[in-house]
Amino acid sequence: MRAAVFKGAGVLALEDVPEPAVDADDDVIIEVEACGICGSDLQILNVPPGHPADPGVILGHEFIGRVTALGSSAGAGALEVGQRVVVDPDPKCGMCGPCRAGRPASCENIRALGVFQHGALAPLIKAPAEFTFPLSEAPAAAIASLIEPLACVVNSVNKANPRPGESAIIFGAGAIGCLFLAMFKAAGAGPVIVVEPQAPRAAVARSVGADIVVTPDELDAARRSLLPHGADVIVDAVGSQLGTAIEHAALGGRIALFGMNQTARPAVQQYTITERSLSVLGTYITAFTFPTAIRLVEGGTLPLEPIVTHVLPLERVGEGLDLLRSGSATKVVITPGAAPAS
Ligand SMILES: [Zn+2]
Ligand SMILES: [Zn+2]
C-alpha cells in the first residue's frame, strides 16, 4: 500500500509499504477514511525537529476509519468488522505511576501512533482495540477526523472552565484555536476575541463564531475598548504567548496553555500573576475526553465545517503541508483511500 513515511531530517516520502496484519489478540486493522495533518506533524518535519518521531514510521494520528480485521480478543464484543471507529493515538500502559494515579496523559510508556508506531497517512493502520472507539455513521469523515484534536481541546477547556458571559481571548486561529473558540461559544462565553495574523485563518475564526478577530498589533486597542478590565479566560494555542496573556488577563483570570513550542522563552511578569490572582493551566493530550469529543462531533453540536479547509488525497500530502506552513489552510485532511485526482 502507498504510505507517507517519515524519513528523518524533514523528509516525508510517499512509498509502497507492506499492509498491516493482525499479530496480537487485541489488534484492530482499520481502513482509514480520513486523517488530519496536525501541527505536531509539521514540528516533526521541521529541521531541526520541534517534536520527536522515529524515522521509518508512517505519520498521521488524527484519523477515523472502518474495521477490516480483528484479533481474537479485540473489542470484547464492542467492535466488529465493518464498524466505523476513531482511535486514541496515544495508548497508555495502565501500569506506570502516572497511569495508576489517574493522569494518563503523563503515562511513561506512550508510543504514539503516527509518531513512534505506524500512523494513518496510509489506506490501512493497525491500532490497539483498547483505544479504539465505535463511531456513528452520522458525521462526515473529514469532520470526524477532528475528534482527536477536539478530545485534547476538551481536556484543556475542562480545566479552564469557561462559563456563560465570561470574556475570552484566544491566541492563534489554527484548527486548535478554532476548536477552543467553538467550545467557548457553546459554553456561552463572550465576547471572544481571537488573535490571528493570517487573513484566511481569521476568516475561518469568524465563521466559527469569533466576536472579533484581530492581528497581534491590533490586540491592545481592541482589548482596551472591549474588555477594559481584561479577559476572564485566555487560551494560548500558539505556545509562546504566556507573557502577553498575563498582560490581558482580568483579575482572577485563567490562562490555558495548549500550544507547544520547546524553544519559546517568553518574558513573564510574575508579579502580575500574584497580584491579579491568575491561574496558569497547562494540559497535554487527552484525559478520558474521547467519549465527550465523539459525542460532540456525532451530535453536530459545534460548527466544525469551516475548520476543515482542505481535503486532499494521499498523493497531495506535500501540498497539504505547504498550505499549513503558509497559514493559508486551517485544517488539511487527507483521504488515503481516495484515488489521486488525474
Ligand atoms: Zn494532533
Ligand atoms: Zn502508563
Side-chain angles (χ1 to χ4, degrees), residues 4 6 12 26 32 34-46 49-53 57-65 86-121 125 127-128 130-131 133 142-157 172-180 182-183 235 237-239 257-262 283-290 293-294 297 304 307-310 317 320-321 323-325 329-334 336:
F6 175 53
L12 185 68
D26 73 333
V32 180
C35 178
I37 302 178
C38 178
S40 65
D41 296 322
L42 299 182
Q43 293 285 351
I44 288 167
L45 291 167
N46 278 343
H51 192 291
V57 298
I58 300 167
L59 294 190
H61 60 270
E62 302 179 353
F63 66 98
I64 64 135
V86 58
V87 174
D88 177 352
D90 298 301
K92 289 81 180 170
C93 76
M95 299 291 282
C96 70
C99 277
R100 289 189 156 165
R103 293 194 299 272
S106 304
C107 172
E108 291 161 359
N109 301 308
I110 293 176
R111 290 186 65 240
L113 274 59
V115 182
F116 302 112
Q117 304 186 64
H118 286 320
L121 286 175
I125 182 174
E130 193 186 345
F131 297 92
F133 297 79
I143 302 299
S145 71
L146 293 171
I147 288 172
E148 192 274 341
L150 181 60
C152 299
V153 166
V154 168
N155 184 21
S156 181
V157 171
I176 292 296
C178 287
L179 290 173
F180 269 101
M183 288 291 291
V235 173
V238 178
L257 304 183
F258 189 99
M260 295 177 85
N261 178 341
Q262 275 195 321
T283 61
Y284 176 61
I285 58 176
T286 60
F288 309 110
T289 45
F290 261 81
I294 291 168
V297 170
L304 302 178
I307 298 174
V308 178
T309 52
H310 298 76
V317 65
L321 292 168
L323 285 162
L324 288 164
R325 288 190 184 108
T330 300
K331 177 59 82 180
V332 174
V333 173
I334 302 297

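Treat the numbers as computed from the prediction; the structure is a model and nothing was measured. Index from 1, following the sequence. For ligands, and for the atoms within them, numbers begin at 1 and follow the listed sequence.
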Chemist: What do you get for the angle at the Zn ion (ligand 2) between SG on Cys99 and SG on Cys96, to the nearest 10 degrees?
Modeler: 110°
Chemist: So do the side chains of Val308 and Ile143 get within less than 4.5 Å of each other, counting heavy atoms only?
Modeler: yes
Chemist: Examine distances only and state if a side-chain atom of Lys331 and a backbone atom of Ile37 form a donor-acceptor pair shorter than 3.5 Å.
Modeler: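 Indeed, once roles are kept as given, a pair shorter than 3.5 Å links the two residues.
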Chemist: To the nearest 10°, how many degrees is the angle Cys38 SG to the Zn ion (ligand 1) to Glu62 OE2?
Modeler: 90°
Chemist: Quick one: does Thr330's side chain have a donor or acceptor within less than 3.5 Å of a partner on Thr309's backbone?
Modeler: no
Chemist: If you stand at the Zn ion (ligand 2) and look out to SG of Cys107 and SG of Cys93, what angle do those two lines make, to 10°?
Modeler: 110°
Chemist: Would you say Pro98 and Glu108 make side-chain contact, with heavy atoms under 4.5 Å?
Modeler: yes
